[in-house]
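Bear in mind the structure is a predicted one, so any value in this text is a computation, not a measurement.
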Amino acid sequence: MKNKILISAFLFIGMAVGYYYFYNTTGNVKHLDPISFSHYVHTKQHKIKCQVCHRGVETQMRAGIPNIDVCSMCHSSIIDSTSKKEFVIYSYVKDNKTIPWKALYNIPDYVYFSHRRHVKMGKLECSDCHGDMTTQTSPELQNFTPFKMQFCFDCHESRGVSTDCGNCHH
Amino acid sequence: MPRYGMVIDLNKCNQCGACVTACKLENNVQIVSKENADMGRAMYWMKMLDINYEGSYPEIRPTNIPMLCQQCDEPSCTKVCPVRATYKRDDGIVAQIYPQCIGCRYCMANCPYTAKVFNWLKDEQPVENEKCYNTDVSVRPKGIVEKCTFCIHRLQKAKENAKSEHRKLEEDDYIPACAEVCPSNAIYFGDLDDPKSQVAKLVHDYRKFTLQEELGTKPKVYYLSAKSE
Amino acid sequence: MEINRREFMKLIGGSFAGLAIGGAAGTLMKIPKSMEPVLYTGPRKESWKLTACANCPGGCSLKVRLIDEFPIQAFGNPLSPVNKGGICSIGLASVASLYHPDRLTGPLKNVDGKFVSITYDEAYKILSDKLGKILSKNNQDNIFIIAQTESQLKASIFKKFSDETGIKNLVLDEFHSNSIYPYSLISDKAPDFIDFEKCDYLLNFGSRMTEISDNPLYFTRKIIEHRAKGYKIGVVQPKLNSSVAKTDDWVPLLPISFADFALGIAYILIKDEKYDKNFVGKYFPEFNEYKQFVLDNYYPEKVEELIGVPADKILSIGRDFEKASAPAAYFDESLLYSTNGTKNAMAIIALNALKGFSGYGTLKDDLLKLESEKNPNSKEDVTFARFKERVADNGSIQALLISGSNIVFNSPNQEELKKQISSIPFVASFSSFIDETSVLANLIIPDHDNFERLDLLPGESMGFPTITVQQPIVTPFFNTTDTSDVFISLMKDLKPDVKLTYQNYSDYLKQIAKQLYTNHTGILMDQRKPTAIENGLKKIGWDSSQFSGFDDFWDGFLEAGGWWNPYAAKESFNPKIEFKQKFSKELFTSGNATTSVSKNKLRMNIFRKNFDYKGNMSIYPVLVEQFGSNWTVFYELWAEINPETAQKLSVNDRSKVLLRTTSGNFPAILIYNPSIIPGNLDIPFGLGHTNFGNNCGYNPLAYSDDLFDRKSGKPSFSETIIEIVSVEKQGESSPLAFNNSTDKTKVGNQDRRTYA
Amino acid sequence: MNDPQYIDEDEVLFRPIYETSKSFYILAAVLVVLLLFGVFMYVRQLVYGLGVTGMNEPVSWGFYIITFVFFIGISHAGTLISAILRLSKAEWRRPITRMAEVITGIVLIIGGIHPIIDLGRPDRILHIFERGRLQSPLLWDMTSITAYFTASTIYLYLPLIPDIALLRDRGGKFNKLYRILSWGYQGTEKQKHVLERAINILMVMVIPIAISVHTVISWIFSMTLQPGWHSTIFGPYFVVGAIFSGIAALIIVMIVFRKVFHFEDYLKQIHFNYLGTLLLVMSLLWFYFTFAEYLTTFYGHEPTEMRVFLYKFIGGYYPFFWLMVICNFLIPLIFLTNKKLKTIPGILVASIAVVIGMWLERLIIVVPSLANPRLPYPTGMYIPSLTEVSLLVAASSAFILGFMGFSKLFPLISIWEIKEGREESVRVVSERLNEYLPSKGHIRK
């Protein structure tokens with residue numbers, strides 16, 4: 001009897017988990033990038049600013065994920081021949097191939113979100129939403145923040161920014 | 001706070017239909033198949049309302065009206081929405097929040113202008129149109145209600161651009177697609193509360209009328225009748 | 001609580017089953033519609049580029065929106081004097097053609113009825129070998145070129161080609177040249193524009209000025225202004241369409257009787273002696289004969305008897321025309337779509353001559369020195385009529401080159417024409433699609449899309465010269481070639497001794513543009529507002545713009561999207577009118593328009609919709625859906641009928657009917673429209689493509705009788721007798737092509753050729 | 001409770017629980033198939049979208065909303081009738097109340113699901129709770145239906161407790177279930193007293209809730225600006241219609257079970273006569289409301305209203321309109337006023353006609369108004385698709401299945417009330433009569 005209850009409980013939990021997992025696709029999707037990119041090396045060691053690679057962050061809606069046109073600025077030749085990683089990036093640059101980065105932060109198409117507005121005009125730090133990337137030595141596997149509307153909402157409310165639905169949804 | 005409104009001069013409109021096309025393309029409005037169109041599910045946020053004829057042959061002239069969401073000041077659709085998927089913004093635009101909508105179609109039933117459309121089926125767009133989707137506007141999934149929003153995505157962008165240039169939003173910054181493309185400049189758009197704007201002047205024109213005035217919905221889309229005398 | 005192995009397995013199984021059920025439910029409930037945006041990972045950088053719309057002769061400047069270098073939307077360029085930010089439906093939709101799944105991705109060769117992909121070099125070799133062989137046997141007369149292009153510069157390349165190679169049979173099926181064609185028959189030149197500054201009465205004969213004309217958007221604005229000034233507009237049109245809706249007088253008349261009407265108006269002018277005696281004496285040598293002819297035959301009552309327009313209507317319009325100080329009787333290409341087309345045009349030109357062409361103007365200087373004008377022997381244009389004669393004469397044409405024209409779709413009697421064309425030994429097409437015509441070709445070398453091509457679109461219809469640049473805003477997606485380049489290299493290969501000052505088409509365009517630079521006139525279509533001093537300087541033809549050199553000018557030209565000269569000198573239009581034939585009853589006997597249509601025999605009046613004059617609207621899904629949306633008819637052909645006529649025939653509104661002409665039966669939905677001429681059945685043109693686009697509906701032209709204007713060869717749109725055979729049951733509908741367009745991207749091994 | 005006398009007396013009422021015939025299984029199988037087909041069609045609708053229905057642009061509500069209003073209407077059978085009868089101490093109510101209450105319970109579930117079926121995005125149903133807006137009549141509706149469902153379920157359950165106790169004491173299958181559900185009811189005086197009090201409180205409570213439910217449903221329509229809907233009498237009109245269809249459904253259920261389970265001793269001609277009279281009264285009342293509604297429309301002659309009016313009377317929906325009038329008014333009038341026809345089969349015919357007629361009435365209310373919008377937009381035609389029809393069939397089979405299931409678990413006629421009636425009602429009624437009848441001595445004096 002008790003086991004039956006237990007089994008049905010498991011069944012129910014399984015259903016809930018499955019439903020949630022398949023229904024809820026925004027965020028928390030594990031994936032692997034083709035290159036084990038280290039933010040730490042770039043930002044801390046080489047003192048490169050975020051907007052150098054994420055070029056649209058202050059001028060555009062999208063910050064943009066850099067591709068070989070950006071990478072080749074430094075990696076047009078092998079800088080450190082001992083690094084295996086560098087060979088990988090160089091091979092992409094050499095073959096003029098697009099690096100198949102995986103976008104971790106995806107915003108649904110019905111949301112209007114502009115980096116320029118938040119970074120340039122709203123004077124937010126990158127780390128406010130993305131966490132401190134300068135310490136990351138490998139690509140992130142999880143969103144720093146769950147990009148749910150509540151997250152936007154809390155911030156907007158605490159800063160007294162408009163929370164009118166039509167300002168962000170289209 | 002502005003109060004956006006539109007004036008359509010029927011004396012200038014020659015029914016070319018550019019506004020209809022522009023609206024469909026700007027807002028990624030679905031193109032439906034023949035079966036659905038025949039059932040009355042063709043989706044138009046802006047449509048040329050059926051032609052009426054005045055007079056008798058050969059002294060006969062068509063009258064028709066480019067019809068869009070009337071953006072009422074007293075909208076009847078927002079009252080009945082159970083989840084606040086449609087509501088009136090402070091600037092007068094009756095917005096439709098797609099991820100909120102549960103698809104009960106109560107607002108459609110209560111719109112005296114039949115201006116709302118519903119996504120009956122999942123969209124199967126022709127490839128050529130899919131590639132030309134406007135990235136500023138979401139593609140609505142099946143099962144939700146949509147309607148003209150005065151191209152609210154253009155307002156979102158215009159506001160940001162104005163702010164980045166440290167100036168106020170000017171009249172030319174924000175204009176819906178239909179008004180932009182109209183070849184005969186029959187569609188005026190602007191702030192009704194700004195006495196300097198053209199729409200504010202035109203709504204006092206003696207030819208002005210609104211649709212279904214008696215219902216008290218106070219549309220913000222005004223028409224200037226075709227009588228020129 | 002103890003759990004044994006079995007229980008444990010049950011637990012695991014239970015949770016997995018739960019996962020499966022929940023997952024299935026979750027996926028189901030999610031209602032998967034996360035449309036992967038086309039360029040999802042890109043930075044979605046927005047940019048705007050200017051180009052020109054080449055879908056009609058208007059030459060509107062387009063402002064194209066690109067996301068990550070891919071065009072997605074087109075709007076009107078507000079700085080262009082042509083369209084001032086306005087744009088029509090077809091211009092808006094035009095981006096879609098770039099991504100059309102049916103677009104050809106490279107040259108094709110027809111091998112035993114199947115199209116096989118080949119490289120450009122192979123294709124070019126076949127073409128030049130074939131032409132070289134024919135030319136070497138001095139069979140120039142057996143080669144035909146049919147070219148349709150909105151660009152006069154491209155047309156001049158074709159002319160140059162025909163001059164150099166001696167191929168006289170060049171049919172330029174271009175809106176502009178068609179509209180001035182009737183002038184070439186009776187006068188030494190054609191007017192450039194309606195002078196709206198002077199013109200105070202406009203009588204429009206059959207031109208759909210605001211939709212399908214020389215410059216629809218300009219006319220749209222001008223007609224509103226014209227009326228706002230208090231001037232009248234009269235229209236003689238077979239259908240109450242949007243060009244008529246905002247005018248003062250509408251004379252419902254079929255094109256076949258336009259000449260009678262024009263002569264009726266002329267009668268009033270002559271009788272009232274209100275014509276321009278000065279002009280007539282100077283430029284109209286045969287006036288007395290003309291006068292006598294009109295006075296004898298076209299008194300209003302007679303005209304009423306002939307064409308059924310009430311005499312008082314003729315009188316009132318005639319009085320309006322004669323009262324006006326600068327009236328213009330306007331017509332354009334549309335007029336030629338009638339068996340009487342050229343005659344009508346001549347009568348209208350004569351009518352204008354009575355008022356000294358005072359409503360028209362012309363530019364003092366020719367805008368550009370085009371290539372072909374150096375050769376006077378290309379004056380005489382070959383028309384479709386000649387092609388029809390020759391193609392009917394089996395075996396006499398050895399090669400046919402078709403560029404930009406879908407003649408099969410645009411002709412009546414299509415089955416016959418198809419047979420005739422496929423009997424030609426060598427047919428080369430430069431179409432981007434496998435359309436009704438190119439399916440018959442042996443060789444297809446696809447042209448660029450409008451957004452991938454460099455071209456200049458000059459225009460003079462506004463009273464000042466404009467040149468809009470059509471420039472490549474994307475690098476060509478596929479292995480396509482600009483047709484002009486093909487012809488230029490053909491010219492070089494076939495006639496090696498020809499000295500060309502340019503290597504390719506863009507060189508040629510630069511040469512032309514250099515004329516603008518060296519002339520130092522006009523301004524670019526950019527935002528710079530010239531000062532008063534600059535204005536003064538420009539008026540006398542001195543350009544103060546500081547360009548460091550031609551390259552600088554060229555860059556600015558491309559960036560601004562065009563050039564115009566608002567200060568161009570105009571002059572009034574004084575042509576010499578010479579009727580080569582004497583006025584005679586044979587020339588001006590009216591068509592049998594008034595012969596009463598018996599019982600259920602109706603006149604089929606084909607009309608064009610949606611700015612679509614080439615019949616290629618079908619490749620834009622958004623326009624196809626919108627085609628009949630005013631009548632809530634979708635993806636289907638409809639026929640409009642006057643309710644009174646319909647009641648006599650006892651057919652109901654919105655009933656499905658089967659229509660019969662001598663060429664066959666086709667279904668349509670009958671629609672009551674009180675503005676239709678009684679006895680007419682108005683059917684839209686544009687649907688019914690069998691090879692590309694949305695192959696829905698029917699092409700009424702395919703069912704028309706083979707009637708055409710004997711001079712220009714243009715098919716008649718309004719003279720076929722049609723019959724309502726039966727009222728069909730509901731349910732039958734034409735197939736819709738949306739869903740089966742998946743495999744069309746692979747064009748190479750398709751079996752589309754029906755005539756092997 | 002082991003007294004054999006009682007068991008013998010009402011044994012026929014227990015029999016359906018213990019004896020199941022072959023035809024029961026066959027019927028159940030058929031109904032389950034129909035139900036599953038409906039479920040399949042619904043899943044299909046989930047996958048392809050609401051486009052699989054026949055709804056379209058102006059006619060954005062169809063069968064689902066009609067069925068919803070119809071089923072919620074039928075739910076009034078139950079609680080309202082049984083509560084009113086209980087309240088008025090009508091002794092003939094005793095064998096009826098249980099069935100009436102069961103109808104309410106089952107039908108409310110089925111009806112309540114329909115708005116969800118109608119949603120374009122059922123996965124977002126929780127938005128109603130998260131971000132609900134009280135301005136929307138839809139939300140009032142949801143609140144009142146939930147309240148009504150809760151109240152009526154309890155109202156069904158409470159009078160069931162003594163019977164469950166009886167079943168528990170008899171032993172046999174489902175004993176565990178009965179033990180849990182009977183809450184240790186032993187029939188002591190105190191328990192009886194508490195139970196009766198609870199029933200009394202609930203029966204007073206249920207009546208306003210029930211009336212509010214249908215009024216609120218009518219408000220979904222009458223709060224809008226649509227011609228043909230924007231009417232003040234919609235509230236009472238809907239309530240009357242609801243009770244009307246409820247009684248008809250109750251009569252059908254009673255006649256069917258009387259025949260199937262041989263309840264002839266309990267459900268006698270007199271019950272049907274009384275209910276038939278009630279049905280006749282409601283029919284007349286319904287006609288009065290309908291007449292008033294359409295006469296004012298016709299007399300006022302407001303163009304948009306007239307378009308809807310004419311659409312119903314002579315336009316596209318005229319067959320349905322006149323069929324509704326025949327079903328709801330003429331047939332009941334003929335069968336229920338004529339003594340010869342007012343037999344049990346006659347009453348059955350009238351009731352079936354009324355059920356069909358009332359469904360048509362909902363159709364007549366919902367569709368023509370939507371099909372004739374105010375602006376001269378091409379009017380829409382509504383033709384239901386297979387999905388909608390199969391879901392209607394599935395809803396009906398669910399209703400029957402629910403009843404069949406209930407009959408296998410619990411007695412369909414309240415045994416303890418019958419018993420109580422047999423024991424006490426003669427005394428109670430005579431006492432009551434004596435209270436308000438003038439005594440014989442009075443006359444003499």
For [Y] together with [X], are the ring centres under 6.0 Å from each other?
X	Y	answer
Phe70(D)	His114(D)	no
Tyr188(B)	Tyr222(B)	no
Phe309(D)	Phe321(D)	no
Phe320(D)	Tyr317(D)	yes

Count the heavy-atom pairs under 4.5 Å between each of [options] and chain D, then report the option with the highest count.
options	result
Asn36(B), Val83(B), Leu121(B), Ile102(B)	Ile102(B)
Ala109(B), Cys101(B), Ser76(B), Ala85(B)	Ala109(B)
Lys116(B), Gln100(B), Met39(B), Met108(B)	Gln100(B)

Just verifying a value: how many Å separate [X] [atom1] and [Y] [atom2], rounded to the nearest 0.5 Å?
X	Y	atom1	atom2	value
Phe150(B)	Lys220(B)	CZ	NZ	7.0 Å
Asp141(D)	Ile217(D)	CG	CD1	4.5 Å
Asp118(D)	Cys104(B)	CG	SG	8.0 Å

Could you tell me which portion of [X] (side chain, backbone, both or neither) has an atom closer than 4.5 angstrom to a non-hydrogen atom of chain B?
X	value
Ile220(D)	both
Trp140(D)	neither
Met142(D)	neither

Open item on the list: Please classify the contact between Ile65(B) and chain D as side chain, backbone, both or neither, with a heavy-atom cut-off of under 4.5 Å.
Closed with: neither
Under 3.5 Å, side-chain donor or acceptor atoms of residues 361-370 of chain D against the rest of the protein: list the pairs with distances, not counting sequence neighbours.
{"unit_1": "Glu361(D)", "atom_1": "OE2", "unit_2": "Tyr237(D)", "atom_2": "OH", "d": "2.9"}
{"unit_1": "Glu361(D)", "atom_1": "OE2", "unit_2": "Trp286(D)", "atom_2": "NE1", "d": "3.2"}
{"unit_1": "Ser369(D)", "atom_1": "OG", "unit_2": "Pro227(D)", "atom_2": "O", "d": "2.7"}
{"unit_1": "Ser369(D)", "atom_1": "OG", "unit_2": "Trp229(D)", "atom_2": "NE1", "d": "3.3"}

Task: Heavy-atom donor-acceptor pair, Asn110(B) side chain to Leu225(D) backbone, under 3.5 Å - done: yes
Task: Shortest non-hydrogen contact between Arg133(D) and Leu139(D), atoms and distance - done: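 Closest approach of Arg133(D) to Leu139(D), heavy atoms only: O-CD2, 3.3 Å.
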Task: Among Met223(D), Gln226(D), His230(D), residue most engaged with chain B (heavy-atom pairs, under 4.5 Å) - done: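 Most heavy-atom pairs within the cutoff with chain B belong to Gln226(D).
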Open item on the list: Are there residues of residues 89-98 of chain B whose heavy atoms fall under 4.5 Å of chain D's heavy atoms? If so, which?
Closed with: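 From residues 89-98 of chain B, the residues near chain D are Tyr98(B).
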